[in-house]
Amino acid sequence: TLIPLQMLAQVKPASVQGVIILSGILVTLVGIAVCSYAGKLRENAAAKDPAAARRPAGRSFALGVLFCVLSGFLSPCGNLAFAFGSAMTKAATKLGAAQQYASNPLWALLCLGLLLCNTTYSIILLRRKHSFAKFLQPGFGWHYLLTVSMGVMWLAGIFLYGMGAIRLGKMGSSIGWALVMSFMVVVANLWGISTGEWSGADRRPLRVMITGLGILVVAMFMVGSGIR
C-alpha cells in the first residue's frame with residue numbers, strides 16, 4: 001500500500017489526503033491487532049481442553065511464526081508487480097483488450113509462479129507422506145468440488161480487484177489493496193463465526209473480535225475517503 005502510494009500516486013504524507021490515508025492504515029493495523037488478540041483469547045480458553053495437550057508446540061510454533069513473518073514480507077509482492085507492471089497492461093490495451101480486463105495477462109503470469117510453487121510443494125508432501133491414494137477414496141469427489149470452487153472464487157476476486165484498481169487510477173494499487181486486505185479479514189472472520197468456529201468460545205473473545213471487525217470497517221471508510 002505505502003510503496004505504490006508514494007511512488008505512483010505521489011501523495012505527500014503531510015498533505016490532508018496523506019494524513020487521512022495514513023490514519024486509515026494505522027486504524028487498520030489497530031483493527032487487525034484487536035482481531036489477533038481475540039484469537040489469542042480464544043486459544044487461551046481452548047488450552048484448558050485436554051486435547052490442547054496434543055497440539056504441537058515449541059519448535060513447531062517457532063517455525064509457524066517464522067513462516068507467518070515471511071508471508072507478511074512476501075505476500076505484497078504480487079500487488080507490487082501489479083502496480084509496476086503497467087507496461088504489460090498498456091500492451092494488452094494496444095492489442096485490443098478492454099481497459100477493465102487489461103490487467104488479466106499480468107495476473108495470469110503472476111499466478112503461474114504461484115501454481116508452480118504450490119504444486120511442487122504439494123507433490124513433495126504427498127510423496128513424503130504417501131498420500132496419493134487418498135485422492136481415490138470413496139466420496140472424495142466433494143473435496144474436488146470444494147477445491148475447484150475455492151480456486152475459481154480466489155481468481156475471481158483477483159480479477160475483480162484488478163478491474164477496480166484500474167478504475168481508481170494511480171491510487172488503485174495502494175488504496176485498492178488496503179481495502180481488499182481489510183475486507184478479506186472482515187469476511188474471513190465473519191465466515192468463521194457463521195460456520196461455528198467460535199461456537200465454543202466465551203463471550204469476551206467474541207466481543208473483542210466483533211470490536212476488531214468494527215474498527216476495520218471504520219478504517220476502510222477512512223482509507224476510501226482519501227481517494228477524494
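Sequential numbering from 1 along the given sequence is applied to the chain's residues. No hydrogens, no waters, no symmetry mates; every other heavy atom, side chains included, goes into these values.
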Under 3.5 Å, which donor-acceptor pairs link side chains of residues 65-74 to any protein atom two or more places apart or in another chain?
none

Partners meeting side chain to side chain donor-acceptor pair (under 3.5 Å) with Gln100 (sequence neighbours left out):
none

Residue list, side chain to side chain donor-acceptor pair (under 3.5 Å) with Tyr37, at least two apart or on another chain
Arg204

Do you know which two heavy atoms are closest between [X] and [Y], and how far apart they sit?
| X | Y | result |
| --- | --- | --- |
| Met220 | Ser182 | CG-CB, 3.6 Å |
| Ser103 | Thr89 | CA-CG2, 3.7 Å |
| Ala219 | Val27 | CB-CG1, 3.7 Å |
| Gly78 | Leu110 | O-CD1, 3.7 Å |
| Ser173 | Ala165 | N-CB, 4.4 Å |
| Ala92 | Ala102 | CB-O, 3.7 Å |

Residues sharing [X]'s hydrophobic cluster, by side-chain heavy-atom contacts under 4.5 Å among ILVMFWY, directly or via others?
| X | result |
| --- | --- |
| Val152 | Val148 |
| Trp142 | Leu145, Leu146 |
| Val19 | none |

Treat each ILVMFWY residue as a node, draw an edge where side-chain heavy atoms are under 4.5 Å apart, and state whether [X] and [Y] are in one component.
| X | Y | value |
| --- | --- | --- |
| Tyr101 | Ile166 | no |
| Val180 | Phe159 | yes |
| Val208 | Val218 | yes |
| Leu109 | Trp154 | yes |

Pairing residues for Trp107 by the ring-ring contact (aromatic ring centres under 6.0 Å, His included) criterion, not counting sequence neighbours:
Phe82

Results of ring-ring contact (aromatic ring centres under 6.0 Å, His included) for Tyr144 - residues two or more places apart only:
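Listed in chain order: Phe140.
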
Interatomic spacing from [atom1] in [X] to [atom2] in [Y] - rounded to 0.5 Å:
| X | Y | atom1 | atom2 | answer |
| --- | --- | --- | --- | --- |
| Leu179 | Ser174 | CG | OG | 9.5 Å |
| Trp177 | Tyr161 | CH2 | OH | 6.0 Å |
| Leu216 | Phe221 | CG | CZ | 12.5 Å |
| Leu155 | Leu160 | CG | CG | 11.0 Å |
| Met153 | Ile158 | CE | CD1 | 13.5 Å |
| Ile21 | Ile175 | CD1 | CD1 | 3.5 Å |

Contacts under 3.5 angstrom, residues 186-194 side chains, donor-acceptor by atom type, not counting sequence neighbours:
unit_1, atom_1, unit_2, atom_2, d
Asn189, ND2, Val185, O, 2.7
Ser194, OG, Leu190, O, 3.3
Ser194, OG, Trp191, O, 2.8

Would you mind writing out the side-chain donor-acceptor pairs for residues 28-35 within the sub-3.5 Å range, not counting sequence neighbours?
unit_1, atom_1, unit_2, atom_2, d
Thr28, OG1, Gly24, O, 2.8

When you compare the side chain of Asn79 with that of Met181, does any pair of heavy atoms fall below 4.5 Å?
no

For residues 111-119, dump all side-chain donor-acceptor pairs below 3.5 Å to protein atoms at least two apart in sequence or in another chain.
unit_1, atom_1, unit_2, atom_2, d
Asn118, ND2, Leu114, O, 3.0
Thr119, OG1, Leu115, O, 2.7

Give a yes or no answer on whether the side chain of Ser225 reaches the backbone of Met222 with a donor-acceptor pair at less than 3.5 Å.
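Yes: the side chain of Ser225 pairs with the backbone of Met222.
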
Going by atom type alone, with no hydrogens or angles, which donor-acceptor pairs under 3.5 Å involve a side-chain atom of residues 123-137 and a protein atom two or more places apart or on another chain?
unit_1, atom_1, unit_2, atom_2, d
Ser131, OG, Lys129, O, 3.4

